Amino acid sequence: MISGLSDLYKLQKQGPKKDIETPLVNAIFRMYDKFPRLGLNERIGQQDMSLDIADAYIHSRNAMIEAGVGIGKSFAYLIPSLLINLISQQPIIIATSSIQLSEQIHKDLRFIGSRLGFSSVRSVVGKGMGQYACRYRAADLIKTGDSSSSLSTLAQRIVNYDIDERADIKGGVSDVLWSNVCVNDCTFERCQYKSTCSFYEMRAKINASTNAMDFIIVNQDLLIRDLIKKKEGSKGLITERPALIVIDEAHNLEAKVRDARTLEFTFRRTCRILDDALQLLYKQSADKSLFTQFKWLKKCVSHIFKQVEADLLQTANQDNDRIKVSEITGIPLKRGVQILKEFNLSLSVLTSRHEREIDNIFEAMNGLIDLFEVLAGVEDNYLIWASKTQREATVSICPKGISQFLKHSLFNGKTSVILTSATLCQSGETLEEQYSYLTQSLGYKGDYMERQASPFDYDYHTMMYIAKDVPYYNHKNREHYLEAAYKELIRLCNLTVGRTLVLFSAKEDMKYVHKKLNAEKLAWTLHVQREGSSQDGVIAEFRGSKGVLLSTGVFWEGVNIEGSDLSQLIIFRLPFPVPSDPVYEYKASLVENPLKEVFVPDMLLRLRQGTGRLIRSETDLGVLSILDSRLSIAAKKDYRDKVLETLPFKRVTEDYKILEQFVEEKGISIRQ
Ligand code: SF4
């Protein structure tokens with residue numbers, strides 16, 4: 001028995017939750033009392049956050065808690081979670097936004113659990129199926145000899161038990177190559193490799209009975225896909241009865257829900273859906289007229305994708321990844337909807353030994369009906385856009401609102417849900433106002449907890465520099481902007497002698513800078529994020545090199561480099577969403593003042609995430625440089641005040657000389 005917790009053991013599974021309030025709160029205090037003896041430092045705000053979580057659990061409420069960088073957020077929620085699991089004998093679900101973070105939380109759980117005496121905690125990390133290697137598929141590729149040399153080497157390594165998951169591949173692997181060997185439709189019981197399959201093992205663990213697992217740590221995608229399945233009436237993978245759900249990095253939840261609810265169609269995938277449906281229906285009916293009807297449907301699909309390709313070509317140089325799909329003309333889309341519906345009706349009454357296969361095809365055909373309906377203008381509840389994914393034109397559809405889904409599936413009062421992150425808030429008078437941008441998008445119902453500020457001394461250790469002379473960016477003067485920003489970037493990287501992470505909002509900007517830097521003789525090592533390379537691999541190369549890393553996308557989050565290896569963070573452009581992006585266009589259409597109510601709050605959340613990469617410990621020193629003169633005093637933008645109010649950097653200058661003095665005074669360029 002864990003010392004000092006006998007009163008909690010007595011309360012296991014007994015009586016109403018309010019009876020355990022005092023023992024639970026006392027137990028949290030006792031856990032933190034142990035910290036000095038265990039050589040752990042309690043951070044300011046950590047205990048308060050633990051108590052807030054306990055309170056939410058006791059009163060069966062949801063809670064939103066912003067926890068500043070450095071307060072030790074994961075211990076703050078793991079400690080009450082360990083106790084709640086002990087009392088309730090029900091698992092705790094923790095959902096994060098990345099695999100790296102899930103692994104880190106798993107390590108933290110084992111560490112803090114064992115230090116505090118919870119040595120027998122049973123836990124599992126669950127990732128999305130695409131992260132696991134499928135030995136069955138790899139063996140099949142080798143058998144058929146149907147693979148390129150790099151693919152056959154990869155398949156061989158999987159069959160030889162050298163690779164279980166994508167993360168096992170040092171230096172990363174491209175999405176295209178990996179898509180041939182990852183799990184995409186497990187045959188489960190029939191598979192000869194199941195006893196050595198990491199995916200199969202993970203699935204069995206997170207699907208175990210309620211009291212067989214204490215902690216289930218998954219990424220948000222997996223949790224959301226599971227909620228979708230349950231909402232559609234299927235049996236989910238993750239336990240139905242957790243004691244508590246903690247969603248870490250909750251600022252990503254909206255995007256993750258949108259991703260999970262988005263259906264993507266490429267020309268090849270759409271034809272495959274039609275081929276599969278035809279094969280099944282013909283097997284049952286032997287009706288030759290089916291071939292003519294499917295041929296006609298494929299013609300429509302070809303027409304749609306030709307038009308989408310043309311749209312993509314026209315907008316190839318724009319900033320946005322997602323572009324609008326122009327009206328499809330020249331084919332009777334409504335007739336297409338009707339025929340697809342008739343076929344799906346026939347599929348719904350089919351019976352066969354391969355029920356799973358029929359279900360999958362039926363579901364895919366349903367998605368195709370939705371696509372045709374959206375294109376035909378019959379269905380108005382979806383957003384639609386086109387993009388290039390793995391060099392293929394892709395059309396995506398996604399339900400417009402996500403808040404109803406979350407209200408029904410997550411914030412439904414069955415289990416307390418804790419949403420936390422270092423960046424949930426904006427400026428505002430009341431807590432409700434500060435949390436309002438996210439709560440409105442998510443349809444959140446629950447409590448707003450006191451924000452726990454970062455304990456780091458930003459005033460003394462940091463300076464923020466705004467490059468006032470770089471011209472404004474807009475589409476027409478892109479070259480002019482890039483040239484000036486590039487020169488400023490070199491000057492700044494030379495000032496700190498490398499040790500710099502550069503965050504770009506647009507891949508094209510990063511490519512431009514990388515190409516130019518490659519042609520220069522530089523005083524520091526240059527690193528760049530490459531497509532398909534793992535974030536960990538790139539960071540490992542950067543760490544210790546005192547170089548400069550050019551990055552975008554996921555690097556705005558989850559980069560944790562303490563010490564002098566990272567002494568400067570450059571934001572190349574303020575991370576505003578692209579106004580013509582269909583998702584943001586829709587969000588803007590719902591409010592009176594889109595700049596104030598959507599674009600600025602969104603930019604602020606992302607900016608806070610990005611700038612949070614700079615100071616990761618009490619002793620870190622650093623410079624935040626923003627190469628976007630819209631933030632300068634002279635630009636007189638309303639959002640300048642909001643940015644300055646929201647970011648923790650309080651020493652702000654537009655004078656390069658003052659920045660030089662700061663760098664020299666703190667010895668930033670010579671720190672080891
Ligand atoms: S159990 Fe499923 S995922 Fe694992 S190797 Fe077999 S088919 Fe692939």
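Every heavy atom of this structure was used, including side-chain atoms; hydrogens, water molecules and symmetry mates were not. When a residue number appears, it is its place in the shown sequence, counting from 1. First listed ligand is number 1; within each ligand, the first listed atom is number 1. Every value quoted in this text rests on a predicted model; they were computed, and no experiment measured them.
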Pull out every atom of ligand 1 sitting under 4.0 Å from any heavy atom of Arg135, numbered as shown with elements.
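By the 4.0 Å cutoff, the relevant atoms are 5 (S).
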Could you list the atoms of ligand 1 found under 4.0 angstrom from a heavy atom of Val183?
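That gives atoms 3 (S) of ligand 1.
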So, Lys298 and Asp275, do they make that salt bridge, N to O below 4.0 Å?
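Yes, this pair counts.
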Tell me every residue that passes side chain to side chain contact (heavy atoms under 4.5 Å, CB included) with Ser346, counting only those two or more places apart in sequence or in another chain.
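If we apply the side chain to side chain contact (heavy atoms under 4.5 Å, CB included) test to Ser346, skipping adjacent residues, the hits are Leu281.
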Verify whether the ring centers belonging to Phe265 and Phe305 lie closer than 6.0 Å.
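Phe265 vs Phe305: aromatic centres not under 6.0 Å.
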Looking at atom 6 (Fe) of ligand 1, is one of the N, O or S atoms of Cys134 less than 2.8 Å from it?
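Looking at Cys134, which is the residue asked about, there is no N, O or S atom under 2.8 Å from atom 6 (Fe) of ligand 1.
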Does Ser120 have any side-chain hydrogen bond (donor to acceptor under 3.5 Å, both in side chains) partners at least two apart in sequence or in another chain, and if so, which?
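In terms of side-chain hydrogen bond (donor to acceptor under 3.5 Å, both in side chains), with neighbours along the sequence ignored, Ser120 is linked to no residue.
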